[in-house]
Amino acid sequence: MGSHRRLAPSGFDRGAGAAVSILSVTAAALGAVPATATPHDDTRATVDRLYEQAEKATEAYNEADERADELRAEVGIARDRIARRQERVNSMRESLGSLAGAQYRSGGIDPSLALLLSDDPDDYLDHASRLDRLTAHQAGELKALQGAMRELAQDREEAADKLRELETSRKAVAAHKKTVERKLATARRLFNSLPDAERDAYGRASRSGRPGMPDPGGATAASARGSAAVAAARSALGKPYVWGANGPSGFDCSGLMQWSYAQAGISLPRTSQAQRYAGRQVPLSEARPGDLVVYRGDASHVGMYMGNGQVIHAPYPGAPVRYDPVGMMPVSSVTRV
């Protein structure tokens, strides 16, 4: 996300519009989830569904928040440009005012008389000609600057409008996040109410704890920066999942990827959907440590491949950063940064 580009409404439409669309769909789905679910199968299905919805809401929140930061920066740039142009206009006005005063003072004498009284008629004509050209040039420049000021003022107004709209969207996502958290709390209570045997048998392939996971093995990353990102991700093991966080004390799934690669000097986009295109896509069979493994068709979850069929990821609220099998969920793509 150059620094002086014009603020195009399409960027906001893609960012905030997508977030609001996710809100609408997910809110409808959440509204259909019952407050209680007695059958064990229904309870497990509810937990699965709510975790997936929570991740979608988190990524929508991240996208809206990132776009808000972009707009704040663009508004600042527009204001700086307006200030610089205003200084130029003020300088031109002062210059034109001085010229106008000089013309007024000399305008009391008939040009023919001024020519007659001049010590050097040729010099008088030369100065008069240059004065006319300079005045016309500066008047034209002032007009151009005033036009530029109007355009910049319009840009600033559009940016402010977009920022207000995006802030509204972000607040809506945040409010929706609270709804998801309430549903998650209900799902956790229901899950914890299951008999021990039922909880043990649950063993969600996509989320369950993995004590005794095999060592990731000796596979090496495809690049030095990939190795640095792997080391950073390993250092985050055990850190908590935190909504909308990108380290260093807590992470959501895409936040962990962004932070890990930042330690390697690489700037990744904020959301899992954008991280999917942050490099070259490779087949899962060719995955190497440091590659980003993106899950589900909507790319709503992401982890980092570590070798030996494992990823490190921030799973969900209440679970720390940890290893899990790469096949814990349907893999949609693998990206080599």
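Side chains included, hydrogens not; waters and symmetry mates left out as well; all remaining heavy atoms used. Everything quoted here is computed from the prediction, not taken from an experiment. Positions are given from 1 along the sequence.
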Name every donor-acceptor pair, under 3.5 Å, that has one atom in a side chain of residues 236-251 and the other anywhere in the protein, sequence neighbours excluded.
| unit_1 | atom_1 | unit_2 | atom_2 | d |
| --- | --- | --- | --- | --- |
| K239 | NZ | P248 | O | 3.0 |
| W243 | NE1 | E181 | OE2 | 2.6 |
| N246 | ND2 | Q258 | OE1 | 2.8 |

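Residue pairs meeting the salt bridge (charged side-chain N to carboxylate O under 4.0 Å, His left out) criterion with at least one partner in residues 253-266, sequence neighbours excluded, do not occur; the list is empty. The salt bridge (charged side-chain N to carboxylate O under 4.0 Å, His left out) pairs that include a residue from residues 271-292 are D291-R336, where partners are two or more places apart or lie in different chains.
Considering D65, D69, D252 as possible partners of R270, the one that fulfils the salt bridge (Lys or Arg N to Asp or Glu O under 4.0 Å) test is D252.
Remark: R296 engages E55 in a salt bridge, criterion side-chain N to carboxylate O under 4.0 Å. Contact check on R67 versus E167 returns no salt bridge, with no Lys/Arg side-chain nitrogen under 4.0 Å from an Asp/Glu carboxylate oxygen.
To the nearest 0.5 angstrom, Q310 atom CD is 9.0 Å from D324 atom CG. Rounded to the nearest 0.5 angstrom, K56 NZ and S272 OG are separated by 11.0 Å. Atom-to-atom distance recorded for I312:CD1 and S260:OG is 8.0 Å, nearest 0.5 angstrom. Note that NE2 of H301 is 5.0 Å distant from SG of C253, once rounded to the nearest 0.5 Å.
Here the closest heavy-atom approach between residue P269 and residue Q275 is recorded as O-NE2, 3.0 Å. Among all heavy-atom pairs drawn from A229 and A264, the shortest one is N-CB, 3.9 Å.
Q281 places no side-chain N or O within 3.5 Å of a backbone atom of Y277 that could act as its donor or acceptor partner. Using a distance-only test at 3.5 Å, with no hydrogens or angles considered, no donor-acceptor pair links the side chain of T335 to the main chain of A278.
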